[in-house]
Amino acid sequence: MAGLFKREDLLMAKTSMVNRDIKRTKLVKKYAARRSEFKAVVLSATASYEEKMEAQAKLQKLPRDASPVRQRTRCALTGRPRAVYAKFGLGRNKLREATMRGDVPGLRKASW
């Protein structure tokens, strides 16, 4: 079965998973201000217990995907979720290819 596909095709992530992550990113941006308000009240030392509990309940009513920790770092070219170098925004495979072509300034293959 693997012989029918090119190697490049096997590195691509499922489109549905990439789209799901894009949706999460939009939700995080949409609810960022509201989340930060509620979090400020919950973490505040001056807020009363009732205010904190109310803010916590409101925070929990927001969509789960509005939380930034549910986002996944993905390769900008392939959408691969693992082994992504945050500094470059690329997965290890694509970063290696770009390095070999000389597209990444200041980065080269180690040799000693």
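What you are looking at is a predicted structure, and each value in this text was computed from that prediction instead of being measured.
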Next on the checklist: Using the rule given for side-chain contact (heavy atoms from CB on, under 4.5 Å), can you reason through Leu90 versus Leu77, listing the C-alpha separation, both sets of side-chain angles and the distance that settles it, and then say yes or no?
Outcome noted: CA-CA 7 Å; Leu90 297 174; Leu77 299 176; 3.7 Å; yes
Next on the checklist: For Arg72 and Arg82: C-alpha separation, side-chain torsions, deciding distance, then whether side-chain contact (heavy atoms from CB on, under 4.5 Å) applies.
Outcome noted: CA-CA 9 Å; Arg72 184 87 185 176; Arg82 294 173 187 245; 3.5 Å; yes
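Considering every non-hydrogen atom in both Ala47 and Val41, the closest pair reads CB-O, 3.8 Å. The shortest heavy-atom contact between Cys75 and Gly91 is SG-N, 3.2 Å.
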Would you tabulate the side-chain donor-acceptor contacts of residues 98-112 under 3.5 Å, counting partners in other chains and residues two or more places apart, or write 'none'?
| residue | atom | partner | partner atom | Å |
| --- | --- | --- | --- | --- |
| Thr99 | OG1 | Leu95 | O | 2.7 |
| Arg101 | NE | Asp103 | OD2 | 2.8 |
| Arg101 | NH2 | Asp103 | OD2 | 3.0 |

Distance-only criterion, 3.5 Å: show the donor-acceptor pairs between side-chain atoms of residues 23-38 and protein atoms not counting sequence neighbours.
| residue | atom | partner | partner atom | Å |
| --- | --- | --- | --- | --- |
| Arg24 | NE | Asp65 | OD1 | 3.1 |
| Thr25 | OG1 | Asp21 | O | 2.9 |
| Thr25 | OG1 | Gln71 | NE2 | 3.0 |
| Ser36 | OG | Ala32 | O | 3.3 |
| Ser36 | OG | Ala33 | O | 2.7 |

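In terms of the side-chain contact (heavy atoms from CB on, under 4.5 Å) criterion, Lys87 has no residue partners (sequence neighbours excluded). With sequence neighbours excluded, the residues satisfying side-chain contact (heavy atoms from CB on, under 4.5 Å) with Met53 are Tyr49. Not counting sequence neighbours, the partners of Glu54 by the salt bridge (Lys or Arg N to Asp or Glu O under 4.0 Å) test are Lys58.
No side-chain donor-acceptor contact under 3.5 Å links Ser67 to the backbone of Arg70.
Grouping Ile, Leu, Val, Met, Phe, Trp and Tyr by side-chain contacts under 4.5 Å, direct or through others, leaves Leu43 on its own.
Residues Lys94 and Arg80 form no side-chain contact, since every pair of their non-hydrogen atoms from C-beta on lies 4.5 Å or further apart.
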